[in-house]
Amino acid sequence: MKSKEYIEKKVEKLEDLRRQLLKEYQDKLDNSYEDEVLWQYISTKNIEIWTLKDILND
């Protein structure tokens, strides 16, 4: 059970981070600046979230 709780907390933290990064990315876009590195980082976090959620579903 501890591992399930750990994964759930990790997913929650990653989702919070993703939301913050998306806001930052949107602000940059609003200022006509497209940050490809930030977008790639956000995409990586999405993959981490999906992977952990898949582990929980198994």
Side-chain angles (χ1 to χ4, degrees):
M1 281 310 222
K2 283 191 172 195
S3 55
K4 181 180 178 182
E5 291 172 3
Y6 173 79
I7 292 172
E8 288 171 343
K9 287 180 183 181
K10 181 73 174 174
V11 167
E12 186 177 313
K13 287 179 183 179
L14 286 169
E15 287 177 334
D16 287 342
L17 176 62
R18 181 185 61 187
R19 279 190 287 275
Q20 292 171 357
L21 294 172
L22 285 171
K23 286 179 187 176
E24 179 182 342
Y25 185 74
Q26 185 61 49
D27 289 342
K28 288 183 177 188
L29 282 179
D30 290 344
N31 291 321
S32 300
Y33 178 72
E34 188 171 345
D35 188 345
E36 185 64 31
V37 174
L38 179 58
W39 184 251
Q40 289 173 358
Y41 185 71
I42 293 169
S43 297
T44 301
K45 293 303 161 191
N46 282 335
I47 292 169
E48 286 183 50
I49 291 168
W50 297 330
T51 302
L52 290 172
K53 284 183 175 183
D54 282 346
I55 290 171
L56 284 176
N57 289 331
D58 287 342

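Remember, predicted model here, so these are calculated numbers, not experimental data. All values below were derived from every heavy atom in this structure, side-chain atoms included, with hydrogens, water molecules and symmetry-related copies excluded.
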Asks: Taking only residues two or more places apart in sequence, or in another chain, which ones meet Glu24 in a salt bridge (charged side-chain N to carboxylate O under 4.0 Å, His left out)?
Replies: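 Glu24 satisfies salt bridge (charged side-chain N to carboxylate O under 4.0 Å, His left out) with Lys28 once adjacent residues are dropped.
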Asks: Looking at side-chain heavy atoms only, is the closest gap between Gln26 and Leu22 below 4.5 Å?
Replies: no
Asks: What distance do Leu17 atom CG and Ile42 atom CD1 have between them, rounded to the nearest 0.5 Å?
Replies: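 Rounded to the nearest 0.5 Å, the CG-CD1 separation comes out at 8.5 Å.
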Asks: In chain order, what residues pass the salt bridge (charged side-chain N to carboxylate O under 4.0 Å, His left out) check against Glu12, with sequence neighbours excluded?
Replies: none
Asks: Nearest 0.5 Å please: distance from the CG atom of Leu21 over to the CG atom of Asn46.
Replies: 10.0 Å
Asks: Under the rule for salt bridge (charged side-chain N to carboxylate O under 4.0 Å, His left out), what residues qualify as partners of Lys13, not counting sequence neighbours?
Replies: none
Asks: Once you round to the nearest 0.5 Å, how far does CG of Asp54 lie from CD1 of Ile49?
Replies: 12.0 Å
Asks: Residues in salt bridge (charged side-chain N to carboxylate O under 4.0 Å, His left out) with Asp16, at least two apart?
Replies: Arg19
Asks: Pick from Asp35, Leu29, Asp30: which one makes a side-chain contact (heavy atoms from CB on, under 4.5 Å) with Tyr33?
Replies: Asp35
Asks: CG/Leu52 to CD1/Ile7 distance, rounded to the nearest 0.5 angstrom?
Replies: 6.0 Å
Asks: Once salt bridge (Lys or Arg N to Asp or Glu O under 4.0 Å) is applied, what residue pairs with a partner in residues 37-48 remain, sequence neighbours excluded?
Replies: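 Listed by first then second residue: Lys45-Glu48.
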Asks: Got a sec, which residues hit ring-ring contact (aromatic ring centres under 6.0 Å, His included) with Trp39, two or more places apart in sequence or on another chain?
Replies: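 ring-ring contact (aromatic ring centres under 6.0 Å, His included) list for Trp39, sorted by chain: Tyr25.
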